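Step one of this worksheet: look at the structure below.
Keep in mind the model is a prediction, meaning the values are calculated, not measured.
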Amino acid sequence: MDKKSLAPLAAVFAISGAWDTIGAIMYIFLIGSGRKIDSPAIDPFYAVFIGSFLICFAYLQFLSAMNIRRYAFNVGCLIIGRAFYVIQLYAYMGLVRDFPRTLWYTGIVDGAFTLLYAFLAMRGGLGARDLFLPRRDAD
């Protein structure tokens, strides 16, 4: 069986983990009412709460990148999650009056990661089943 290289997907997945780590640091230390970035207004508790999830996502991405073929399902999960975030962010910016546009650039970066995941997965020989339905290895 000729396996195509998933090294580019693994690299992008690890880089997106670094992006989420930066986001976690920003949410934990900079974002929240009364902090350096308080638009959109968010209680510091919830900012730290979001930051903790971003740390989990980053950890998941770093470790999944070590064996991307086995953990391709995690790529699919982040495709869904990032796509939902981008759609939600821009829907709120476009449809909710006075919704702050402070984090518009995150939608671009997360959208780019989502497209790269899908493109590099297909190029590496992974299909939708690999990404969205976990495979059970024979015991």
(request) Would you confirm whether Asp20, through its side chain, and Gly17, through its main-chain N or O, come within 3.5 Å as a donor-acceptor pair? (result) no
Shared hydrophobic cluster, [X] / [Y] (ILVMFWY, side-chain heavy atoms < 4.5 Å):
X: Val109; Y: Ile50; value: yes
X: Ile15; Y: Ile68; value: yes
X: Ile80; Y: Leu54; value: yes
X: Phe73; Y: Leu60; value: no
X: Tyr59; Y: Leu9; value: no

(message) Does Ile55 form a side chain to side chain contact (heavy atoms under 4.5 Å, CB included) with Thr21? I'd like the steps, not just the answer.
(response) CA-CA 6 Å; Ile55 288 171; Thr21 301; over 6 Å; no
(message) Could you check whether atom OH of Tyr46 has more than 12 heavy atoms from other residues, nucleotides or ligands sitting under 6.0 Å from it?
(response) no
(message) Are more than 12 heavy atoms, taken from residues, nucleotides or ligands other than Phe113, located less than 6.0 Å from that residue's CZ atom?
(response) yes
(request) Could you tell me which residues satisfy ring-ring contact (aromatic ring centres under 6.0 Å, His included) with Phe49, sequence neighbours excluded, listed by chain and number? (result) Phe53
Please tabulate, one pair per line, all N/O donor-acceptor pairs under 3.5 Å involving side-chain atoms of residues 22-34, not counting sequence neighbours.
| from | atom 1 | to | atom 2 | distance (Å) |
| --- | --- | --- | --- | --- |
| Ser33 | OG | Ile42 | N | 3.3 |
| Ser33 | OG | Ile42 | O | 3.1 |

Distance-only donor-acceptor hits, side chain of residues 85-103, under 3.5 Å, sequence neighbours excluded:
| from | atom 1 | to | atom 2 | distance (Å) |
| --- | --- | --- | --- | --- |
| Tyr85 | OH | Thr106 | OG1 | 2.4 |
| Tyr90 | OH | Trp104 | O | 2.6 |
| Tyr90 | OH | Ile108 | N | 3.4 |
| Arg101 | NH1 | Met93 | O | 2.9 |
| Arg101 | NH1 | Phe99 | O | 3.1 |
| Arg101 | NH2 | Met93 | O | 2.8 |
| Thr102 | OG1 | Ser39 | O | 2.7 |
| Thr102 | OG1 | Ser39 | OG | 3.4 |

Residues 117-124, side-chain donor-acceptor partners within the protein, below 3.5 Å, at least two apart:
| from | atom 1 | to | atom 2 | distance (Å) |
| --- | --- | --- | --- | --- |
| Tyr117 | OH | Ser16 | OG | 2.6 |
| Tyr117 | OH | Gln61 | OE1 | 3.3 |
| Tyr117 | OH | Arg82 | NE | 3.1 |

(request) Could you pull out the closest heavy-atom pair between Ala7 and Ser5, with the gap in Å? (result) N-OG, 3.2 Å
(request) Please list all pairs passing the salt bridge (Lys or Arg N to Asp or Glu O under 4.0 Å) test where one or both residues lie in residues 21-35, with sequence neighbours left out. (result)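 Applying salt bridge (Lys or Arg N to Asp or Glu O under 4.0 Å) to every pair that reaches into residues 21-35, excluding sequence neighbours, yields nothing.
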(message) Contact between Leu78 and Phe13 at the side-chain level, heavy atoms closer than 4.5 Å - yes or no?
(response) yes
(request) Check side chain to side chain contact (heavy atoms under 4.5 Å, CB included) between Arg129 and all other residues, then give those that pass, not counting sequence neighbours. (result) Leu133
(request) Using side chain to side chain donor-acceptor pair (under 3.5 Å) as the criterion, list what pairs up with Ser64, not counting sequence neighbours. (result) Asn74
(message) Distance check, rounded to the nearest 0.5 Å: Leu126 atom CG versus Lys4 atom NZ?
(response)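 Going from the CG atom of Leu126 to the NZ atom of Lys4 covers 10.0 Å.
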